[in-house]
Structures are given as structure tokens and as C-alpha cells.
Amino acid sequence: MKNKKQIAGERIDFLFKKAKEVFKENSSLANRYVEIARKVAMKAQINIPSNLRKKFCRKCHSYLVPGENCRVRTRNKMMIYYCKKCKNIMRFPYKL
């Protein structure tokens with residue numbers, strides 16, 4: 001039997017997959033899926049996995065797709081994500 005945190009983790013993964021599928025047709029629905037995933041994570045008191053954390057804006061919580069609504073650059077061992085909706089800049093370190 002699964003515990004609450006495992007179920008929440010699976011739900012978060014599912015919501016991000018659905019957001020990716022539906023983004024082309026309806027970006028506002030993709031943003032809503034991200035909001036629901038964040039609420040599920042907060043309710044279950046778990047962190048969103050690091051690979052999914054880069055897929056939404058930390059300020060406006062919109063689903064990010066490079067080239068569509070965000071710009072990605074590399075500089076000084078940092079991945080720099082620029083959200084075109086709210087003009088927020090997010091920096092993530094990476095290793096070579």
C-alpha cells in the first residue's frame with residue numbers, strides 16, 4: 001500500500017506530463033496544472049523534484065517551454081532561465 005507522499009509524487013509527475021501535452025493548445029491550462037502540482041506538494045509537504053522545478057517560473061508559476069515563453073542561456077556554470085511573461089530571472093547551477 002502506498003503512503004501519502006508517494007501518491008503525491010506520482011500526482012505531481014502526472015500533472016507536469018499533462019501540462020507538457022496541453023501547452024501547445026492551451027497554455028493557461030498548462031499553468032493551472034502547475035498550480036495544482038504546487039498545491040499537492042505543499043499539502044503533502046514534499047519538494048517538487050529538481051528536474052521539474054526548472055519547468056515553471058518561481059514568480060508567476062507559469063509552465064515554461066524554452067523558445068516559446070522563456071529564454072535559456074548559459075553563463076559561468078549557471079543555467080539562466082528568463083520568463084517572458086513576468087520578466088523574472090532564475091539561475092540554476094550545473095556541472096560540466
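Values in this document were obtained by computation on a predicted structure and should not be read as measured data.
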Distance in Å, [X] [atom1] paired with [Y] [atom2], rounded so as to fall on 0.5 Å steps:
{"X": "F16", "Y": "E21", "atom1": "CZ", "atom2": "CD", "answer": "14.0 Å"}
{"X": "Y33", "Y": "F23", "atom1": "OH", "atom2": "CZ", "answer": "14.0 Å"}
{"X": "K77", "Y": "K95", "atom1": "NZ", "atom2": "NZ", "answer": "10.5 Å"}
{"X": "C86", "Y": "H61", "atom1": "SG", "atom2": "NE2", "answer": "9.5 Å"}
{"X": "R11", "Y": "K39", "atom1": "CZ", "atom2": "NZ", "answer": "13.0 Å"}
{"X": "M90", "Y": "C83", "atom1": "CE", "atom2": "SG", "answer": "6.0 Å"}

Original post:
Within the distance-only criterion (no hydrogens, no angle test), does the side chain of R71 pair as donor or acceptor with the backbone N or O of Y82 below 3.5 angstrom?
Top reply: no
Original post:
Are the side chain of N69 and the backbone N or O of K84 linked by a donor-acceptor pair below 3.5 Å?
Top reply: no
Measure the shortest side-chain to side-chain distance between [X] and [Y] over non-hydrogen atoms and say whether it is less than 4.5 angstrom.
{"X": "I12", "Y": "L52", "value": "yes"}
{"X": "K24", "Y": "V65", "value": "no"}
{"X": "T74", "Y": "I80", "value": "no"}
{"X": "I46", "Y": "V40", "value": "no"}
{"X": "N88", "Y": "C60", "value": "no"}
{"X": "M79", "Y": "V72", "value": "yes"}
{"X": "K18", "Y": "L29", "value": "no"}
{"X": "Q6", "Y": "N3", "value": "yes"}

Original post:
For E25, does the CD atom have more than 12 heavy-atom neighbours from other residues, nucleotides or ligands under 6.0 Å away?
Top reply: yes
Original post:
Salt-bridged, R38 to E35, with N to O below 4.0 Å?
Top reply: no
**OP:** Please step through side chain to side chain contact (heavy atoms under 4.5 Å, CB included) for the pair R32 and V22, ending with a clear verdict.
**Re:** CA-CA 11 Å; R32 179 68 181 137; V22 79; over 6 Å; no
Original post:
Do you know the tightest heavy-atom contact between L64 and C70?
Top reply: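 Closest approach of L64 to C70: CD2-CB, 3.8 Å.
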Original post:
Looking only at heavy atoms, what is the nearest atom pair of Y94 and M78, with distance?
Top reply: CE2-N, 3.5 Å
**OP:** Tell me, with the steps shown, if R91 and I89 meet side chain to side chain contact (heavy atoms under 4.5 Å, CB included).
**Re:** CA-CA 7 Å; R91 294 176 182 88; I89 297 172; 4.0 Å; yes
**OP:** Decide whether I48 and Y63 are clustered together by the hydrophobic rule: side chain heavy atoms of Ile, Leu, Val, Met, Phe, Trp, Tyr closer than 4.5 Å, transitively.
**Re:**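 Yes.
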Original post:
Who are the ring-ring contact (aromatic ring centres under 6.0 Å, His included) partners of Y81, not counting sequence neighbours?
Top reply: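 Partners of Y81 under the ring-ring contact (aromatic ring centres under 6.0 Å, His included) test: F92.
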